[in-house]
Every structure is written in structure tokens, then in C-alpha cells.
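Since this is a predicted model, take the numbers as computed values, not measurements.
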Amino acid sequence: MAGNSWECYACNKTFIKKSTLSSHRRVHHVDRLFECAVCQKKFTHRGSLNRHVRSHTGEKPFECAVCYKKFSETGTLRIHLRTHTGEKPYECTVCNKMWSTASHLRSHLKTHTGEKPFECAVCDKKFSQASSLRTHLKTHTGVKPFECTVCSKKFNESGTLRIHLRTHTGEKPFECTVCSKKFNGSGHLRIHLRTHTGEKPFECAVCSKKFNGSGQLRIHLRTHTGEKPFECTVCSKKFNVSGTLRIHLRTHTGEKPFECSVCNKMFRQASDLRAHLRTHTGERPFECTVCREKFGREYTLKTHLKTHKSKEKEAL
């Protein structure tokens, strides 16, 4: 013992508690480690080995009293319970944002420091989290191990599959506190909230246009690069957005999934249905700034504005 600390005689590492030193000493005595009979992984504590063995057996003895979800470790159950209580005991010292786990706070702090220690060996892209790198690597391998049981669509992340399944169930658990609009993903809600705050943190390096979501910026950048990565398998037409390709494919399949509740007319796009519904309601939200005439469709307004421009030219 040196002062208030305990020193390891093998590597000179110091510890505040004697019990921690005792545990540490086992790393220097490999023959005393506890070995997994399945994969031969070694542990310094029998308890750590017992927890690890559950990864092979699938045993989950710890159950949430609220939703009955089961876990293999008490610590994981403790963290899960915070999703019910809303407890977020870890606070960012920079922006005061609160987190439910220390690991989430550590990852978040990298957004302030800009630190990205995890680099892709294929394309050299860097990430602040190991999990983000793992997900990114699947874009190179093409591996999509998570399949939707409803439509067989595949995903490279279990979380993305979970969000996708809500498009089948209609579940929208994330509600905007300002306008009560609901969303199937927390990320979609975060982006939506910026429409209320006016925040647009993502700026185009080419034209300085700002966006409230990184995805919107990515799509916008394609207007500068001309990139159109989404190709129609029928006619080879290319698109810069996957959603536009999906809508285009309906011109080949004849699919019209959006039905008018008034006259039962069918439409390929939700936007076409919305515009059509205005013929029933009489709503005309698009107003000409020159003569104040109102229109039910935005493109009708654009066409109308040209009549003013042509009149201006004639007057000259």
C-alpha cells in the first residue's frame, strides 16, 4: 500500500480499493482465470463467466415488472427500467442534455469534440461510435440480416426493421409536444420539432442552403453532383431519391394505393390525393402574391404567376 492507494507488484498499476487490486491480479495469473467451456473465453470473476454463459444458453432470468421484457443481466434491466420511469441521470456538461446511460453520454460528448476514432478500412470514413461503423460496414458487404416478416424487405439494422414494422402496424409512439403530430421513429420526431423551432443545423457546403435533417442535406447535395443512385429495374430511369423511384414504379405496376374517402378515386401519390381532396372541400391554400387569387394546387399557382411575368414583359 502506498498512501491511500494499492499498487500491483506486477505492473505498478494503482487502485483505490484492495478488493479491486485482488481482482486485477488475476490478469497476471492466467491459470487462475475462469474459462468458458463453449468458446474458451476467459474471465477474472466467476460472476462475469456466469453472465457470459447466458449469451450461449439464451437464458434471461431478469424480467421487467412493467412490460415483462426479459434480460440476461440485472444491469441491463436497470437501464431498461429508465425507459418506463423517464430517468436520465447522466448530464452533458457542455449542453446539459440528459441521458439514461453513461455510454450514451460518452457517445454524445463526441458530437461536441468532433472526435471520430472509428475508421472504415474500406473507404476511410470515420465515426464517433463503434456501432455506427459496424452498421456502415454493411453498406460495403451488402449484408442485410434483418427481414420483415410481413413484406420480406431486408435491413442492415434491427432498429431500422423495428421502425419499418410500424408502417405495417400503423404504430406511431412518438408525439410532438407542440402540435400532437405522431411519428413512428424518434429521429423523425426530432427532425419535425425543428419545423417549430426553425433550427436548420445542416448546411450545404456548395450553396450554403440549410436543412433541418442530415438526410435532406444528402438528397440536396445530389442536385449539385447530379448523382442519381436509384434506378428503375423496368425502364432504367434513374432518380436521386428512393421515394421518387417507388412512386415511379407504380407507373409500371398500375398500383394506386391512395383512395379518396369521398368519391373512391384512386391515386399513385399521397400528394395527388391531398390535392384532389381540395376539389371536395373547396380549400385553396396557394395564394398569388400579386393579385391575391387562390389555387388548390401549387403548380397551378406557378403557372398563373407566369401570366403576370408575361404581362410585365409586354408592358416594357
Side-chain angles (χ1 to χ4, degrees), residues 148 150-151 153 160 163-200 202 204 209-223 228-232 234-235 237-309:
C148 175
V150 181
C151 67
K153 191 172 180 180
T160 312
I163 292 169
H164 165 78
L165 281 168
R166 292 174 189 149
T167 64
H168 297 298
T169 63
E171 184 194 4
K172 292 184 177 181
F174 303 98
E175 185 174 339
C176 174
T177 53
V178 181
C179 67
S180 304
K181 191 173 181 179
K182 294 184 177 182
F183 299 87
N184 59 13
S186 59
H188 294 153
L189 172 59
R190 264 199 310 276
I191 291 168
H192 165 78
L193 281 168
R194 292 176 187 145
T195 64
H196 296 298
T197 62
E199 184 192 4
K200 292 185 177 182
F202 303 96
C204 174
K209 191 172 181 180
K210 293 184 178 181
F211 300 87
N212 56 22
S214 59
Q216 292 170 334
L217 172 58
R218 265 198 312 275
I219 291 166
H220 165 78
L221 282 168
R222 292 175 191 147
T223 64
K228 292 184 177 182
F230 305 99
E231 185 175 340
C232 174
V234 181
C235 67
K237 192 173 180 179
K238 294 183 177 182
F239 302 88
N240 61 5
V241 184
S242 60
T244 312
L245 171 59
R246 263 199 312 276
I247 292 166
H248 165 79
L249 282 168
R250 292 174 190 149
T251 63
H252 296 298
T253 63
E255 184 193 5
K256 292 183 177 181
F258 303 98
E259 184 177 351
C260 174
S261 56
V262 181
C263 66
N264 305 119
K265 192 173 179 178
M266 308 293 288
F267 297 88
R268 271 196 294 269
Q269 301 181 56
S271 58
D272 288 343
L273 172 59
R274 279 196 300 272
H276 166 77
L277 282 168
R278 293 180 196 129
T279 65
H280 295 299
T281 63
E283 184 192 4
R284 294 187 172 193
F286 304 101
E287 185 176 340
C288 174
T289 54
V290 180
C291 67
R292 301 302 174 190
E293 189 173 350
K294 293 183 178 181
F295 301 89
R297 288 175 179 262
E298 189 176 12
Y299 79 79
T300 314
L301 170 60
K302 285 176 182 172
T303 304
H304 166 78
L305 283 167
K306 288 172 185 173
T307 63
H308 291 298
K309 287 180 182 176

Nearest 0.5 Å, please: how far is NZ in Lys210 from CG in Leu217? 12.0 Å

So, taking the atom named CG in Asn240 and the one named OG1 in Thr244, what distance separates them when rounded to the nearest 0.5 Å? 6.0 Å

For Glu199, which residues count as a salt bridge (charged side-chain N to carboxylate O under 4.0 Å, His left out) partner, sequence neighbours excluded? Arg194

To the nearest 0.5 Å, atom CZ of Arg268 lies from atom OG1 of Thr251 at 6.0 Å

Which distance, rounded to the nearest 0.5 Å, do you find between the CG of Leu189 and the NZ of Lys181? 10.5 Å

What are the two closest non-hydrogen atoms of His304 and Phe295, and how far apart are they? CG-CZ, 3.3 Å

To the nearest 0.5 Å, tell me how far Thr300 OG1 sits from Arg297 CZ. 6.5 Å

Sorted by chain and number, sequence neighbours left out, salt bridge (charged side-chain N to carboxylate O under 4.0 Å, His left out) with Glu259 holds for none

Does a side-chain heavy-atom distance below 4.5 Å link Phe267 with His276? yes

Side chains of Cys235 and His252: does their closest heavy-atom pair fall under 4.5 Å? yes

Nearest heavy atoms of Lys256 and Met266, plus distance in Å: O-CE, 2.9 Å

State whether a side-chain donor-acceptor pair under 3.5 Å links Asn184 with His188. yes

Nearest-0.5 Å distance, CG of residue Leu165 to OG1 of residue Thr169: 7.0 Å

Would Lys302 and Glu298 satisfy side-chain contact (heavy atoms from CB on, under 4.5 Å), going step by step from the backbone distance to the final call? CA-CA 6 Å; Lys302 285 176 182 172; Glu298 189 176 12; 4.2 Å; yes

How close do His220 and Phe211 get, heavy atom to heavy atom, and via which atoms? CG-CZ, 3.2 Å

Anything under 3.5 Å between a donor and an acceptor, one on a side chain of residues 285-294, the other on a protein residue two or more places apart or in another chain? List them.
none

So, for Leu277 and Cys260, which heavy atoms are closest and what is the spacing to 0.1 Å? CD2-SG, 3.9 Å

